[in-house]
There are 2 protein chains.
Amino acid sequence: MAVKIKDVARAAGVSVTSVSRVLNNGEHVSEKLEKKVRRAIEELNYSPSLIAKSLKRNKTNLIGVIIPDITSNFQAMILSRIEEIAGRRGYNLLVSNIVEDTGKVVKYLNIYQEMRVDGMVLMHEKLNGDIENFLNKTDIPLVVHADLGMNLPTVIIDDFQAGYDAASYLIAQGHRKIAMIAGDPRDVCAGLRRMEGYTAACRDHGIGSKETLIRHGDYKLDTGYRLMAELLGEARGEFTAVLAASDDMAAGAVNCIRDHGLHVPGDISVIGFDGSQIADIVRPRLTTIRQPVEQISERTVELLLEMIEDEGESWRKDRMKTVVLGHELVERGSCRRIEA
Amino acid sequence: MAVKIKDVARAAGVSVTSVSRVLNNGEHVSEKLEKKVRRAIEELNYSPSLIAKSLKRNKTNLIGVIIPDITSNFQAMILSRIEEIAGRRGYNLLVSNIVEDTGKVVKYLNIYQEMRVDGMVLMHEKLNGDIENFLNKTDIPLVVHADLGMNLPTVIIDDFQAGYDAASYLIAQGHRKIAMIAGDPRDVCAGLRRMEGYTAACRDHGIGSKETLIRHGDYKLDTGYRLMAELLGEARGEFTAVLAASDDMAAGAVNCIRDHGLHVPGDISVIGFDGSQIADIVRPRLTTIRQPVEQISERTVELLLEMIEDEGESWRKDRMKTVVLGHELVERGSCRRIEA
DNA sequence: CTGAAAGCGCTTACAG
DNA sequence: CTGAAAGCGCTTACAG
């Protein structure tokens, strides 16, 4: 882009100030001047530099999103909605896909900071010293999608309760022996809390939960398949139902069960988590805990823009906002009632 | 970020030039100076502005990606790989999710241009006057993922041949009446070419293709389901196999067939397209045309960086590079051989 | 090895 | 309504 505002000004025979004014259509300019400027812009095919503008204005209209895995349908749905909503408000997304590599998180947090993004969304749930350190120091508004215990603005569901509800549902259906394909316990919400909810529900209903019936995975389909195979191999007969920490893992489990010649829910009931597309794809369709994707996305952008547009930069001092959204148990075909 | 390079210089008792030098560790500085500077950076928690740097250097290390639908597993896989590969080379991704709205394409192309991205990837396949106009004018290196007929650097598979191969496979299995759930014919490759390949294969084998057996969709699962229901309602018995332009639609079709009490492949054979995760999830697993995701992503980034780093900016003048990658038919369980 | 100064392409008081 | 000029936070010849 060789052509700059100065060239336009020269071509139109006006000052750069005036060109800038018609570009940002703030202060009034005469029709005649505006016409000249527009023509010059057109003729020169001028494209104003947002980089220069950002530097001057100290605002980039960029939001950095750190997402663990774009290929997860649930996460993609959230990202897609955030993009849409933020886009309408004039913000563009910088995204980095973490894929397993926790070390990348702090790398990208730093890059985003150097890029002077106006705000960030952190979906990653695992903390380490570097990340914690960064989060404590940064002045950039951010919203996290997990209860990191750091007094940061947060948008979440009550994962403990959701895990509790899922297990309770199974128990209400008559199940007494329930296995869990859980997430990574270092993921505070999706990993730990959901499992704690399950454990608590089992305990409250006096059926206990055996360590051997709990497996940990990374929320992916293949992992669900593999862990289900393990459970079938090592504890067949010790459970009549399985609770998975993601629909992807639940879907993998369903396929694994079927590949072993067993039936869902005839032999084993399966309940998922997330309410992603895949819950509808797999047969039988998954009974699952649906997270409110639309609300999560909306509230995230809302919260973030509120902080960004709060000139006082007081978001650090205010009592942090935590938005807890409701989840919903969606009954479909993957669970059945059994006799006590 | 209140602290800037000048503050660091003052704190360290050196010039901003020197601070810049240790930051970019190019020219040599004395150990003593470097130590002072590093300490000051540490103490002030200084984060250099990439915005200012970009303005000065005329390089942003940003790549803008325009992707039709992030929630499509196939597209997410490509995006994820591009992010990974570009990230390793020091480039960050700006992404915008188009979702149906073709008008957003040119809007984002312009924003990316104003943002002075170093390069762009356009996955969207539908052209309109504005888009064409932009593509003809821009100086920014870009790679497209469809044969737009505009002499632009392109990374694709041979969609015609792939469609041809898929149909031929079905024909080789003994099928004589083949329906197609195609894409949007305005999508030159995924929509039009794949369908043309199918039509040509039918013609070459003397079995013709009836208009009534071709439906057009948007590559999504729900649409595949719906179009399959239409075919079943309006043309049941007139086909023994279906070729879909995406795995998502194929999966929807499979589920629809099953929900109608029929069997895949017992009653109807289904072949998909893409080789995305879902082809492995659905039961029976989908026989499909696998696109080389890894290569597509690699070659895209490679081509783009080649142009970006070509100082001569000669990419416009050179004969455009079109990279045509090979596809592969993966046999799984959704098709069966039938007697003539 | 080190620093003073110009300049990247904009916006925005300030003055007229 | 319009323009000259300072300045956003860096980098990079240029000079020493």
Side-chain angles (χ1 to χ4, degrees), chain A residues 1-38 40-41 44-62 110-111 113-118 139-140 311, chain B residues 1-38 40-41 44-62 110-111 113-118 139-140 311:
Chain A
M1 287 298 91
V3 25
K4 48 195 94 167
I5 198 169
K6 204 200 249 178
D7 302 316
V8 176
R10 190 181 307 125
V14 302
S15 72
V16 297
T17 311
S18 292
V19 177
S20 177
R21 279 191 187 114
V22 352
L23 246 23
N24 298 292
N25 45 253
E27 307 173 46
H28 258 295
V29 291
S30 69
E31 261 187 45
K32 207 174 112 200
L33 186 148
E34 169 152 12
K35 200 153 292 173
K36 282 192 293 186
V37 171
R38 296 242 176 258
I41 288 174
L44 300 180
N45 195 24
Y46 171 63
S47 166
S49 166
L50 248 28
I51 294 297
K53 184 170 181 167
S54 294
L55 178 60
K56 184 63 192 160
R57 286 230 186 139
N58 202 23
K59 175 142 177 55
T60 54
N61 278 52
L62 247 27
N110 275 310
I111 292 180
Q113 172 158 281
E114 296 183 353
M115 221 91 113
R116 300 297 188 256
V117 298
D118 292 335
D139 290 321
I140 299 181
E311 297 296 336
Chain B
M1 288 298 91
V3 23
K4 47 198 93 167
I5 198 169
K6 203 200 249 179
D7 301 316
V8 176
R10 190 180 307 125
V14 302
S15 71
V16 297
T17 310
S18 292
V19 177
S20 176
R21 279 192 186 113
V22 352
L23 246 24
N24 298 292
N25 45 253
E27 304 173 47
H28 257 293
V29 291
S30 69
E31 261 186 48
K32 208 174 111 202
L33 187 148
E34 169 152 10
K35 200 154 292 174
K36 282 192 293 186
V37 171
R38 295 240 176 260
I41 287 174
L44 299 180
N45 194 25
Y46 170 64
S47 166
S49 165
L50 247 28
I51 295 295
K53 184 169 181 169
S54 294
L55 178 61
K56 185 63 191 160
R57 286 229 185 139
N58 201 25
K59 176 143 176 52
T60 55
N61 278 53
L62 247 28
N110 275 308
I111 292 179
Q113 173 159 279
E114 295 183 354
M115 219 92 115
R116 300 297 188 259
V117 298
D118 292 335
D139 291 321
I140 300 181
E311 298 295 336

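Because only heavy atoms are used, hydrogens play no part in the values below, and waters and symmetry mates are left out as well, while side chains stay in. Order of the sequence lines sets the chain letters (A, B, ...), proteins ahead of strands, with each chain counted from 1.
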Which one is paired to C:dA4, where only Watson-Crick or G-U wobble pairs with both distances under 3.5 angstrom count?
none
N/O (side chain, A:Ser15) to phosphate O (OP1/OP2, D:dT2) under 4.0 Å
no
Atom CD of B:Glu34 to atom C1' of C:dT2: distance rounded to whole Å?
14 Å
Do B:Met115 and B:Thr60 have side-chain heavy atoms sitting under 4.5 Å apart?
no
Applying a 4.0 Å non-hydrogen cut-off, can you work out what B:Leu33 is touching in the nucleic acid: base, sugar-phosphate, or nothing?
sugar-phosphate
Verify the contact: side-chain N or O of B:Ser18 to OP1 or OP2 of C:dG3, cut-off strictly under 4.0 Å; return yes or no.
yes
hbond_proxy A:Arg21 side chain to D:dG3 base (donor-acceptor, 3.5 Å cutoff):
yes
Nearest heavy atoms of A:Val8 and A:Tyr46, plus distance in Å:
CG2-CG, 3.5 Å
Tell me whether the OP1 or OP2 atom of C:dG9 has a side-chain N or O from A:Lys4 closer than 4.0 Å.
yes
Please tell me if B:Arg57 has a side-chain N or O lying less than 4.0 Å from either OP1 or OP2 of D:dT12.
yes
Base, sugar-phosphate, or nothing for B:Leu50, non-hydrogen atoms under 4.0 angstrom?
nothing
Euclidean distance, atom CZ of residue A:Arg10 to atom P of C:dC10 [Å, nearest integer]:
13 Å
Whole angstroms only, please: what is the NZ-C1' distance between A:Lys6 and D:dG3?
15 Å
With a 4.5 Å cut-off on side-chain heavy atoms, are A:Ile51 and A:Leu55 touching?
no
Would you please confirm or rule out a distance under 4.0 Å between OP1 or OP2 of C:dG9 and any side-chain N or O of A:Ser49?
no
Whole-Å distance separating the NZ atom of A:Lys59 from the P atom of C:dT12:
13 Å
B:Val29 or A:Ser20, whichever maps to the more 5' nucleotide of DNA chain C
B:Val29
Strictly by modelled atom types, are A:Ser20 and A:Thr17 linked by a side-chain donor-acceptor pair under 3.5 Å?
no
A:Arg21 side chain reached by A:Leu33 side chain, heavy atoms, under 4.5 Å:
no
Nearest to the A:Leu55 side chain among D:dG9, C:dG3, D:dC10, which nucleotide is it?
D:dG9
For A:Ser30, report the nucleic acid contact type (base, sugar-phosphate, nothing); a contact means any heavy atom under 4.0 Å.
sugar-phosphate
Hey, are A:Asp7 and A:Arg10 close enough for a salt bridge, meaning a charged N less than 4.0 Å from a carboxylate O?
yes
Atom CG of B:Leu23 to atom C1' of D:dC10: distance rounded to whole Å?
10 Å
Measure distances between side-chain N and O atoms of B:Lys56 and base N and O atoms of C:dG7, and say whether any donor-acceptor pair falls under 3.5 Å.
yes
B:Glu31 atom CD is separated from C:dT2 atom P, nearest whole Å, by 11 Å
Note: for B:Val16 and A:Lys53 on DNA chain C, the residue whose nearest nucleotide lies more 5' is B:Val16
Separation of D:dG9 atom C1' from A:Met115 atom CE, nearest Å, is 16 Å
A:His28 atom NE2 is separated from C:dT12 atom P, nearest whole Å, by 17 Å
Indicate whether OP1 or OP2 belonging to C:dG3 is found under 4.0 Å from a side-chain N or O atom of B:Thr17.
no
Assigned partner base of D:dA13, Watson-Crick or wobble definition, under 3.5 Å
none
